[in-house]
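Scroll down for the structure; my scribbles are underneath it.
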Amino acid sequence: MTNFTSISDVTDLNALIHEGLYVKKHPFADQALGKNKTIGLIFFNSSLRTRLSTQKAAQNLGMNVMIMNVGQDSWGLEMEEGIIMNADKAEHVKEAAAVIGRYCDMIGIRAFAELKDREKDYREQVLTQFQKYAGVPIVNLESATRHPLQSLADCITIEEFKVKRRPKVVLTWLPHFKPLPQAVANSFCEWMNHMDVELVVTHPQGYELAPEFVGHALVTHNQNEAFEGADFIYGKNWSSYTHYGQVLTQDPTWMVTMDKLRLTDNGKFMHCLPVRRNMKVTDEVLDSPQSLVIEQAANREWSAQAVLKTLLHGME
Ligand SMILES: NCCC[C@H](NC(=O)CCC(=O)O)C(=O)O
Ligand SMILES: NC(=O)OP(=O)(O)O
């Protein structure tokens, strides 16, 4: 593995999940591996988990870590080629990525979808430009269309908590008043399509995800039906892909409640966090033993460590 931008960079998913479970048990076994290696974590958007868990994972491997918030700490970065730079962006990604690549042995990038221009977001301009100009491995810390470090942590969590050989996993849309990216939902589907699970996706009409991510999942607009017999309920809000970036409904009946969880087979609730309580999911669900959200967030450390360890081995 030479980059970690999507599941297509992963050569052996099962081995990567088991690497995550291994480093969870032996967090400091590879302290020499990252000695004198530096990772730069570049954020165009806010973060709690990704920032702290990736920093922690890198430190567990003995790496140095540098973190920068673009726009706040650094110059605004221009991504377009051949443009006259007479507006607000003071530096071009051509120089910025090349320079960061000289200071760092690998670079993590977080750059969300802007949700204005679908074609532009799905082209993954920021990630692609960094990959083109940095000259070092790139780690996706949540891009416009994907969040693979989250999806790997989700796979690790399902592997740990499943009680059936082939669990039923349901991705459900949750209500939100703000337009949010499709990245977490896209990525979750993409990774679950590589797992031995029965994948069901449920959302209101107009919230269909891009078919290349949905894969062979069963899609239904009937949330109650989807929940029946489920082992894992994965909640997430996303804005419309077809009516790009729009909030088409905030229907509160899509919120996950204890009554709905009772339709499942003692199903566990998962969410990538941050989550808005009593709008997307009730206190009762989040505070119940059926909620895995804290375990899931804790596994972000091991997901990041498995990825950084594999990339470091690839550089040897
Ligand atoms: N990295 C985890 C999710 C990040 C982002 N959520 C958010 O922006 C939530 C913001 C809010 O609820 O105001 C998303 O959906 O992609
Ligand atoms: N789940 C997740 O990526 O959280 P942050 O946005 O806080 O990093």
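In each ligand, atom 1 is the first atom listed, and ligand 1 is the first ligand listed.
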To the nearest 0.1 Å, how far is [atom] from its closest protein heavy atom, and which atom is that?
atom	value
atom 8 (O) of ligand 1	Leu180 CD2, 3.8 Å
atom 10 (C) of ligand 1	Lys178 NZ, 3.7 Å
atom 6 (O) of ligand 2	Arg110 NH1, 2.8 Å
atom 4 (O) of ligand 2	Arg49 NE, 2.8 Å
atom 1 (N) of ligand 1	Glu142 OE1, 2.6 Å

Exercise. Please could you name the atoms of ligand 1 that Arg276 approaches to less than 4.0 Å, counting only its heavy atoms?
Key: 11 (C), 12 (O), 13 (O)
Self-check item: Proximal atoms of ligand 1 relative to Pro181 (non-hydrogen, under 4.0 Å)
Solution: 14 (C), 15 (O), 16 (O)
Is there a donor-acceptor pair closer than 3.5 Å between any side-chain N or O of [X] and the backbone N or O of [Y]?
X	Y	value
Glu228	Leu263	no
His147	Ser143	no
Asn222	Glu225	yes
Asp117	Glu119	yes

Salt bridge present between [X] and [Y] (N-O < 4.0 angstrom):
X	Y	value
Arg277	Asp287	yes
Lys309	Asp30	yes
Glu160	Lys24	yes
Asp231	Lys162	no
Lys168	Asp265	no

Out of curiosity, is [X] lining ligand 1, as in a heavy atom under 4.0 Å away?
X	result
Cys272	yes
Arg110	yes
His176	yes
Gln150	no
Leu273	yes

Below the 3.5 angstrom mark, is there an N/O of [X], backbone or side chain, next to an N/O of ligand 2?
X	answer
Ser46	no
Gln150	yes
Pro274	no

So which bit of [X] gets within less than 4.0 Å of ligand 1, heavy atoms only: side chain, backbone, both or neither?
X	answer
Phe112	side chain
Thr50	neither
Arg49	neither

Relative to the heavy atoms of [X], which atoms of ligand 2 are at a distance of less than 4.0 Å?
X	result
Leu273	1 (N), 2 (C), 4 (O)
Arg300	1 (N), 2 (C), 3 (O)
Leu48	5 (P), 7 (O), 8 (O)
His147	2 (C), 3 (O)

Quiz item: Would you say Tyr234 and Phe188 make side-chain contact, with heavy atoms under 4.5 Å?
Solution: yes
Quiz prompt | Thr202 side chain near Trp173 side chain, heavy-atom distance below 4.5 Å | solution = no
Exercise. Please determine, by modelled atom types, if Glu301 and Asn60 share a side-chain donor-acceptor pair under 3.5 angstrom.
Key: yes
Quiz item: What residue among Trp238, Tyr241, Trp191, Tyr122 forms side-chain hydrogen bond (donor to acceptor under 3.5 Å, both in side chains) with Asn186?
Solution: Tyr122
Self-check item: Pair Tyr22 + His18: ring centers closer than 6.0 Å
Solution: no
Practice problem: Compare Arg300, His147, Lys236, Gln182 and give the one whose heavy atom is closest to atom 14 (C) of ligand 1. | Solution: Lys236
